[in-house]
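Each remark here refers to the structure printed beneath this line.
Excluded from the calculations below are hydrogen atoms, water molecules and symmetry mates; all remaining heavy atoms, backbone and side chain alike, are included. Letters A, B, ... mirror the listed sequences (proteins, then strands); counts begin at 1.
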Number of protein chains: 2
Amino acid sequence: MKSSQQRLDDIIAKLRLNKFRITPQRLAILKVFLNSTEHPSVERVYKQVRADFPTTSLATVYKTVHLLKEIGEILEIGFADGRNRYDGLKPYPHPHLICMKCKAIIDPKLSNLDHLTSEVEQASGYQILSHQLEFFGICPACQKK
Amino acid sequence: MKSSQQRLDDIIAKLRLNKFRITPQRLAILKVFLNSTEHPSVERVYKQVRADFPTTSLATVYKTVHLLKEIGEILEIGFADGRNRYDGLKPYPHPHLICMKCKAIIDPKLSNLDHLTSEVEQASGYQILSHQLEFFGICPACQKK
DNA sequence: TCTTTACTAAGAACAATTATCCTTGAACTG
DNA sequence: CAGTTCAAGGATAATTGTTCTTAGTAAAGA
C-alpha cells in the first residue's frame, strides 16, 4: 500500500506533466480525497475545503473533481438520483456496498471480477473498458434500529 | 417467456389491486416499456407516448415511471450524469452492457451472481437487497468507425 | 345523482451541475 | 527577480433532469 504522501506526490507530478497548475485549492481538494475513506460527495468535499479556504467556490470543486476524474485519480460512484459520491483511494473499478438507510459506502472484500468481464467480452463482441458493481442493502448498525 | 400481452394484463391487475387507476396515459406508457428492448429513457418514452397522446405532460411520464418502479415492474438503470434509462422487460437486477459511444444498452448473457451476493453478505454483515452491475465499453458497430 | 378521491396537465420549483465572465495568480521568460 | 501570459478561481447565471403544486377532470362509491 502506497503511503498517502507518496500518492499525493505522484498525482502532483502527473498534473505538472500534463501542464495543469498546482494551486492551493486543488491541493486542498486532493487532500480531502486522499484522507477520506467514506467516499465523499462534492458537497462534503466543499464543506471540508471551506474550513481551510473559506473563499473556495463550489464551481472550483466541481472543476477539480472533473479534472481528477479525467486523469483517472478518483472514481465516480454514480447514483440514479444524482447524488454522486467519489472514491479517491482506489480510483479503479471495484465493488461498493451501499447502505440504503444511512448512505454509508464501504468496499467489500470480494474475489476478483476479471473472469466475468472476459466472459461478457467474449459473448458480446464489445470491447469492455470499465465496469461498475454496487450492492444495496442495510448495514448492521441500521438493522438494529 | 411470458407473452407481452400476458405481462400487460398482470400489471393491470396488480395496479387495480393496489387501487391505482388504469388511465389511457398509463397504459400508453406501460406499452412503450413492454415493447422496447432498447432500455428507453424518460425522454424517449415521452416522445413515443406523445405520438398517440399529444397532450401528455412530462410530469405524468415521470410519475408513472416512479409508480411502475415502486410496484417493481420496471428497473431503473442509473447513470452518474442523470440520464437514467429503464428496463421494462426484466424488472429485476441483472447486468447491463453499455456502449460508451452510441449509448446502446444490451443484456449480456452471464452466469448468475447469487454467489457473489451471498459472499458479500457473509463478509460484511449487511443485509443485501439488490445490486447493480454495468459493463462499459464499445459495441462492435462503433468499433468499426 | 352527489360526493369523494385519484389522476392529469401545466408550469413553477428544485437541486445538482455547468457555463459565463471577469479577475487573479502560477509558472515560464529573460 | 520582475514581467508576461494564459490557465484557474470566484461569483453567479443558466441548464438539465426531476418533483411539486394547483386546479380541473373523471372515475368509483353512496
Side-chain angles (χ1 to χ4, degrees), chain A residues 11-32 39-71 73-86 103, chain B residues 11-33 39-71 74-86 103:
Chain A
I11 297 174
I12 290 172
K14 189 192 246 184
L15 285 171
R16 241 191 258 288
L17 195 71
N18 290 285
K19 308 263 187 255
F20 293 113
R21 294 191 183 152
I22 314 302
T23 64
Q25 292 89 337
R26 283 185 175 167
L27 278 179
I29 292 166
L30 198 39
K31 277 178 191 162
V32 173
H39 308 80
S41 64
V42 166
E43 197 60 34
R44 190 84 196 74
V45 173
Y46 177 59
K47 285 210 183 101
Q48 202 112 1
V49 170
R50 294 280 291 203
D52 292 328
F53 287 83
T55 71
T56 308
S57 94
L58 194 51
T60 298
V61 179
Y62 274 106
K63 285 179 199 169
T64 305
V65 164
H66 185 81
L67 171 63
L68 293 174
K69 215 168 58 180
E70 204 70 5
I71 65 169
E73 294 294 346
I74 63 173
L75 181 78
E76 186 171 63
I77 311 172
F79 287 92
D81 65 357
R83 308 263 168 82
N84 292 344
R85 304 270 291 263
Y86 297 87
K103 309 296 177 197
Chain B
I11 297 174
I12 290 172
K14 189 190 242 183
L15 284 170
R16 241 191 259 287
L17 196 69
N18 290 284
K19 308 263 187 251
F20 294 112
R21 295 205 184 134
I22 315 303
T23 63
Q25 292 87 342
R26 284 186 176 166
L27 276 182
I29 292 167
L30 199 40
K31 278 179 189 161
V32 172
F33 282 121
H39 307 80
S41 64
V42 167
E43 195 61 33
R44 189 86 195 73
V45 173
Y46 177 59
K47 282 208 183 103
Q48 203 111 359
V49 170
R50 293 282 291 201
D52 292 329
F53 288 84
T55 71
T56 309
S57 89
L58 194 51
T60 299
V61 178
Y62 275 106
K63 283 184 161 190
T64 305
V65 164
H66 184 81
L67 172 63
L68 293 174
K69 214 168 59 180
E70 205 70 3
I71 65 169
I74 63 173
L75 181 78
E76 185 172 64
I77 311 171
F79 287 92
D81 65 358
R83 307 262 167 82
N84 293 345
R85 303 272 290 264
Y86 297 86
K103 310 295 177 195

Gap between atoms [atom1] and [atom2], on [X] and [N] respectively (whole Å):
X       : N      : atom1 : atom2 : answer
B:Ile29 : C:dC7  : CD1   : P     : 13 Å
A:Phe79 : D:dT18 : CZ    : C1'   : 18 Å
B:Lys19 : C:dT4  : NZ    : P     : 19 Å
B:Leu27 : C:dT8  : CG    : P     : 10 Å
B:His66 : C:dT8  : NE2   : P     : 14 Å
B:Asp52 : C:dT8  : CG    : P     : 16 Å
A:Phe20 : D:dC6  : CZ    : C1'   : 14 Å
B:Glu70 : D:dT19 : CD    : P     : 11 Å

What heavy-atom pair brings [X] and [Y] nearest, and what distance separates the two atoms?
X       : Y        : value
B:Arg85 : B:Lys103 : NH1-O, 3.0 Å
B:Thr56 : B:Arg50  : O-NH1, 2.5 Å
B:Arg26 : B:Leu67  : CZ-CD2, 3.6 Å
B:Val42 : B:Leu58  : CG1-CD1, 4.0 Å

Distances under 3.5 Å between protein N/O atoms and the N/O atoms of nucleotides 23-29 of chain D, please, pair by pair.
none

Using the closest heavy atom to pick a nucleotide of DNA chain D for each, name whichever of A:Leu67 or B:Val42 lands nearer the 5' end.
A:Leu67
State whether the side chain of [X] and the backbone N or O of [Y] hold a donor-acceptor pair below 3.5 Å, judged by distance alone.
X       : Y       : result
A:Lys69 : A:Glu76 : no
A:Asn84 : A:Phe79 : yes
B:Asp52 : B:Gln48 : no
A:Asp81 : A:Arg83 : yes

Distance from B:Lys63 atom NZ to B:Ser57 atom OG, nearest 0.5 Å?
8.5 Å
Name the pairs: protein N/O against N/O of nucleotides 13-16 of chain C, kept only if under 3.5 Å.
residue: C:dA16; atom: OP1; partner: A:Arg83; partner atom: NE; Å: 3.1
residue: C:dA16; atom: O3'; partner: A:Gly82; partner atom: O; Å: 3.2

Could you tell me whether the side chain of B:Leu30 reaches within less than 4.5 Å of the side chain of B:Thr64, counting heavy atoms only?
no
So with a 6.0 Å cut-off around NZ of A:Lys47, is the heavy-atom count from everything else above 12?
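Atom NZ in A:Lys47 is not packed in, count stays at 12 or less.
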Report, one pair per line, the protein and nucleotides 10-12 of chain D atoms (nitrogen or oxygen only) whose separation is under 3.5 Å.
residue: D:dG10; atom: OP1; partner: A:Gln25; partner atom: NE2; Å: 3.2
residue: D:dG10; atom: OP1; partner: A:Thr55; partner atom: OG1; Å: 3.4
residue: D:dG10; atom: OP2; partner: A:Ser57; partner atom: N; Å: 3.3
residue: D:dG10; atom: OP2; partner: A:Thr60; partner atom: OG1; Å: 2.8
residue: D:dG10; atom: O6; partner: A:Lys63; partner atom: NZ; Å: 3.4
residue: D:dA11; atom: OP2; partner: A:Thr55; partner atom: O; Å: 3.3

Is any side-chain N or O of A:Thr23 closer than 4.0 Å to OP1 or OP2 of D:dA7?
no
